[in-house]
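All values reported here derive from a predicted model rather than from experimental measurement.
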Amino acid sequence: MLYHPDKHRDPELKRQAEQLFNYVHQAYEVLSDPQSRAIYDIFGKKGLEVEGWEVVERKRTPAEIREEYERLQRERDERRLQQRTNPKGTISVGIDVTDLFDRYEEDFEDVPGGGFPHIEINRMHISQSIEAPLTTSDTAVLSGSLSTRSLILPSAVFYATVGPLAIYLAVQKLIIMPYVRAQKEQELEKQKEDSASEIARRKQEAEASVLLMQESVKRIIDAEESKMGLIILNAWYGKFVSDNSQKRERAKVIDVTVPLQCLVKDSKLILTEASKAGLPGFYDPCVGEEKSLKLLYQFRGAMHQVLSGDTEPLKIPKQTHRINSET
């Protein structure tokens, strides 16, 4: 109801509400479907992105869904490995069975041991190749082959099959891995840039949410003040530092006073065991770093304070949060 476009007359607020309401609609589609909800509850959004769910029988228990997810994940990893290395191999063997067709019937009778004809392998060709992607456009191909026209020796077969693999492992360790490592470092820098743009997008959405909450928050505060209920005075979310550098601290935290007050109902605020970055009006100000929520609130005229970990459940008000009057 908070994000419903019909609740807002201002054109800009209406536009922002439509965008956020679309996210609510997407969430509803997932959570209202028993199978999608079971997948999401177990694996989160990444579970919904795995190919193959559309052909899975819908009447399954969470354990069966987990097993099916792991199977689909293995199949996807195997396909990726196959696509990356594209291993190829051929073996051709020449067998001399002349003795089987070029003997007279009486010759079989004179041969000791039942007269079996002499059959031998007189030719063999073995080849193998493995591709090692270096970049999106460059690929190294390692290949080896062996041909022989005499009695096949086990050592020759060994070197023909194991040799290319050993060379590949050596090249992989000495050349390819350092190269790939450098590529990954470049990709990491790009991910940081992409993360910055994602943070900016989430920040914009959070600010839009806060604007849409203003009227609701005013009504909630009026109702709570009338009964000396729960009033959120200050709330900060992010990474707090132990030194006295206010500049560093402010750069790592965001003000979430309005979003938390909007969640107050009947003088209570209850947050479940999940990252608080996903709450309406929140975003992650320091991706990959440890975060906390610091709250200063008033209940029944008394000041309270609490510091909660990012994924810790939280329920307020509590007597243990009350600030000593002397303090």
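Not counting sequence neighbours, the partners of Glu289 by the side chain to side chain contact (heavy atoms under 4.5 Å, CB included) test are Lys239, Lys252, Cys286. Residues satisfying the salt bridge (charged side-chain N to carboxylate O under 4.0 Å, His left out) criterion with Asp284, sequence neighbours excluded, are Lys291. Listed by chain and number, the residues in a side chain to side chain contact (heavy atoms under 4.5 Å, CB included) with Val30 are Ser36, Tyr40, Leu48 (sequence neighbours excluded). With sequence neighbours left out, Arg37 forms a salt bridge (charged side-chain N to carboxylate O under 4.0 Å, His left out) with Asp41. Applying the side chain to side chain donor-acceptor pair (under 3.5 Å) test to Gln214 and every residue at least two apart in sequence or in another chain returns nothing. By the ring-ring contact (aromatic ring centres under 6.0 Å, His included) test, Tyr237 pairs with Phe282, sequence neighbours left out. Taking Phe299 as the reference, nothing meets the ring-ring contact (aromatic ring centres under 6.0 Å, His included) condition, with sequence neighbours excluded. Residues satisfying the ring-ring contact (aromatic ring centres under 6.0 Å, His included) test with His304, not counting sequence neighbours, are Tyr297. For the side chain to side chain donor-acceptor pair (under 3.5 Å) test, no residue two or more places apart in sequence or in another chain qualifies with Ser92.
Side-chain contact between Arg322 and Pro317 is absent, with no heavy atoms from C-beta onward closer than 4.5 Å. Inter-residue side-chain proximity for Leu233 and Leu295 is flagged as unmet; no heavy-atom pair is nearer than 4.5 Å. No side-chain heavy atom of Leu293 sits less than 4.5 Å from a side-chain heavy atom of Asp310. At least one side-chain heavy atom of Leu296 sits less than 4.5 Å from a side-chain heavy atom of Ile323. Between Ile231 and Glu225 there is a side-chain heavy-atom pair separated by less than 4.5 Å. In this structure the side chain of Val256 never reaches within 4.5 angstrom of the side chain of Trp236, judged on heavy atoms. Under the 4.5 Å side-chain criterion, counting only non-hydrogen atoms from C-beta, Leu260 is in contact with Leu271. The shortest side-chain heavy-atom distance between Leu269 and Lys315 does not fall under the 4.5 Å cut-off.
Salt bridge annotation for Arg15-Glu12: present, with a cationic side-chain nitrogen under 4.0 angstrom from a carboxylate oxygen.
Residues Pro280 and Pro259 come closest through the heavy atom pair O-CB, 3.3 Å. The shortest heavy-atom contact between Tyr3 and Ser209 is OH-OG, 3.1 Å. The nearest pair of heavy atoms linking Pro5 to Glu18 is CG-CG, 3.5 Å. When all heavy atoms of Leu2 and Ser216 are compared, the pair lying nearest together is CD1-OG, 3.5 Å.
Summarising the geometry, atom CG belonging to Leu212 is positioned 10.0 Å from atom SG belonging to Cys262; distances are rounded to the nearest 0.5 Å. In this structure, CG in Asn234 is found 7.0 Å from CG in Asp255, a value given to the nearest 0.5 Å.
Proximity of a side-chain donor or acceptor of Lys276 to a complementary backbone N or O of Glu312 within less than 3.5 Å is detected. For the pair Gln261 (side chain) and Val217 (backbone), a donor-acceptor distance under 3.5 Å is absent. Checking side-chain atoms of Thr257 against main-chain N and O of Ala235 turns up a donor-acceptor pair under 3.5 Å.
Pairs engaging residues 263-273 under the side-chain hydrogen bond (donor to acceptor under 3.5 Å, both in side chains) rule: Glu224-Ser267 [sequence neighbours left out]. The ring pair (Phe, Tyr, Trp, His ring centres under 6.0 Å) pairs that include a residue from residues 4-25 are His4-Phe21, where partners are two or more places apart or lie in different chains. Applying the salt bridge (charged side-chain N to carboxylate O under 4.0 Å, His left out) rule to pairs touching residues 205-218 yields Arg201-Glu205, Arg202-Glu205, sequence neighbours excluded.
More than 12 heavy atoms of other residues, nucleotides or ligands shown are found within 6.0 angstrom of NZ on Lys14. Residue Glu290 qualifies as open at atom CD: its count of foreign heavy atoms under 6.0 Å is 12 or below.
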